[in-house]
Colleague: 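My questions all concern the structure below.
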Amino acid sequence: MSKKGRVFSGARPTGRQHLGNYLGAIKNYVALQDEYECVYCIVDLHALTTVDTTKDLKQNTYEMALDWLAAGIRPEESIVFIQSHVPQVTELHLLLSMVTPLGKLTDLPTFKEKVRQNPNNVNYGLVGYPVLMTADIALYKADSVPVGIDQAPHIEFARETVRSFNYRYNTKVLIEPQMKATEIPKVLGLDGQQKMSKSLDNHIELAATPEETTKRVMQMVTDPARIKRTDPGNPDVCNVFSMHKIFSPDDEVAMINVECRRAGIGCVDCKKRFAANLNKHLEPFRAKRAEIGSNPDSVMDVLNDGAKRARAIAAKTMEEVREAVALP
Ligand code: SF4
């Protein structure tokens, strides 16, 4: 089947992936492969803008790649690689930075947010983060970038930067990427309040054992107004119920929806059911992860092969770019 175009997406190497990563990104990555030529990049250089230490960078990259592959990313079709293995991206980043007004970067809401979070580490790389992101997309001539609506300003920035480059050098060598608006569900953590995240330790790892998973699920906060077992609950405000809707069979979801409201089911039982359904859902993932992980070199082989294919595209783009800039 001929594909609709090329999609690019990058993610920071955050190590073992959790349910939030799965529902918010990986699941979509897997699905996109059916229709698009996909380029999936582990953006280790981006990670350097904010990390304090690089000691876990290699292991985190490996674990994340392993999770992607176990979840169904097909490296024989898609290009899966590590950003720094394609050095051309840093060259394009530099050339794009020459057509980027500084004020535009410092005005971006995400930059302001990063400064607020980390006022003592506002480095040059952090300011240029969106330029590097643009280079990632433009280098592989991706036409679509799947992102949630909150990322729209970054894609708009990338489009404008590509336009500025093409205008400045009177060329059409770089492609303006289109935003492929993707509904990214906000997956709440065990606390039922904040987004699931490793740093908040409110997450459930995909690769956790069934026992660990059940233990984490039993810690989930439910309807806060339901104090006693005999109190009727409200599934509409309960994160456990939101998860049931994703991972449990329809008849069980319908039953909980009724029984919770009349205290016919307790939260302990409800969570046990969710844990069982989640574990069942993750069974094939875990089996595949164990199989691939039994040969760690195979993961690195996939990443090396991906980098080779990515470098071939990048080399061609940079040849055209250098010519357009008229570098001697
Ligand atoms: S019974 Fe289930 S849906 Fe209802 S409040 Fe408890 S955990 Fe949530």
Side-chain angles (χ1 to χ4, degrees), residues 11 14-31 63-64 67-68 70-72 148-151 181-290:
T14 49
R16 286 178 166 217
Q17 301 291 279
H18 55 66
L19 275 185
N21 303 129
Y22 174 67
L23 297 170
I26 304 171
K27 211 171 154 206
N28 190 35
Y29 281 9
V30 173
E63 296 282 354
M64 189 156 112
D67 278 344
W68 280 8
I149 203 74
D150 60 324
Q151 284 288 311
T182 308
E183 210 184 304
I184 296 188
K186 187 176 177 195
V187 182
L188 297 178
L190 304 181
D191 49 41
Q193 298 284 326
Q194 306 193 72
K195 202 172 154 186
M196 188 175 282
S197 112
K198 201 177 240 185
S199 54
L200 295 172
D201 192 26
N202 66 359
H203 62 301
I204 299 175
E205 281 181 358
L206 299 175
T209 63
E211 295 72 32
E212 285 163 356
T213 304
T214 304
K215 206 169 147 201
R216 296 292 268 179
V217 168
M218 297 315 285
Q219 294 165 10
M220 286 177 79
V221 172
T222 64
D223 170 6
R226 195 173 184 199
I227 316 267
K228 298 195 297 291
R229 166 70 180 80
T230 47
D231 293 337
N234 179 4
D236 299 335
V237 298
C238 176
N239 189 30
V240 178
F241 188 64
S242 307
M243 290 292 197
H244 266 297
K245 285 197 271 189
I246 302 169
F247 293 103
S248 300
D250 290 349
D251 54 348
E252 199 168 345
V253 173
M255 180 278 286
I256 293 166
N257 198 11
V258 172
E259 294 303 326
C260 170
R261 293 176 202 275
R262 60 182 185 203
I265 183 172
C267 293
V268 171
D269 182 22
C270 187
K271 288 197 246 189
K272 278 187 187 158
R273 283 168 176 269
F274 166 54
N277 292 333
L278 178 61
N279 279 325
K280 194 163 164 224
H281 186 92
L282 290 174
E283 239 169 54
F285 166 85
R286 288 175 181 146
K288 199 162 172 203
R289 194 182 202 275

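Ligands are counted one by one from 1 in listed order, and the atoms in each one are counted from 1 as well.
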Colleague: Please identify which atoms of ligand 1 are closer than 4.0 Å to at least one heavy atom of Asp223.
Modeller: 5 (S)
Colleague: At under 4.0 Å between heavy atoms, is it the side chain or the backbone of Glu259 that contacts ligand 1, or both, or neither?
Modeller: neither
Colleague: Within ligand 1, which atoms have a heavy atom of Val240 less than 4.0 Å away?
Modeller: 7 (S)
Colleague: Show the atoms of ligand 1 that are less than 4.0 angstrom away from any heavy atom in Phe241.
Modeller: 3 (S)
Colleague: Check for me whether Cys270 has a heavy atom closer than 4.0 Å to any atom of ligand 1.
Modeller: yes
Colleague: Is atom 8 (Fe) of ligand 1 less than 2.8 Å from an N/O/S atom of Cys267, whether that atom is in the backbone or a side chain?
Modeller: no
Colleague: Are the side chain of Arg226 and the backbone of Asp231 linked by a donor-acceptor contact shorter than 3.5 Å?
Modeller: yes
Colleague: Distance check, rounded to the nearest 0.5 Å: Ser242 atom OG versus Met220 atom CE?
Modeller: 8.0 Å
Colleague: To the nearest 0.5 Å, what is the distance between CG on Leu206 and CD1 on Ile26?
Modeller: 5.5 Å
Colleague: For the residue pair Asp223 / Asn234, report whether a side-chain donor-acceptor contact shorter than 3.5 Å exists.
Modeller: no
Colleague: Can you report which non-hydrogen protein atom sits closest to atom 7 (S) of ligand 1, along with the distance?
Modeller: Thr222 CG2, 3.5 Å
Colleague: What atoms of ligand 1 come closer than 4.0 angstrom to any heavy atom of Cys260?
Modeller: 1 (S), 3 (S), 4 (Fe), 5 (S)
Colleague: Identify the protein heavy atom lying closest to atom 8 (Fe) of ligand 1, giving its residue, its atom name and the separation to 0.1 Å.
Modeller: Cys238 SG, 2.4 Å
Colleague: Between atom CG of Asp67 and atom NE2 of His18, what is the distance when rounded to the nearest 0.5 Å?
Modeller: 10.5 Å
Colleague: Which residue and non-hydrogen atom of the protein lie closest to atom 1 (S) of ligand 1, and at what distance in Å?
Modeller: Arg226 NH1, 3.1 Å
Colleague: Measure from the side-chain N and O atoms of Glu252 to the backbone N and O of Pro249, and report whether any donor-acceptor pair falls under 3.5 Å.
Modeller: no
Colleague: Just by modelled atom types, is the Gly189 backbone N or O under 3.5 Å from a matching donor or acceptor in the Asn239 side chain?
Modeller: yes
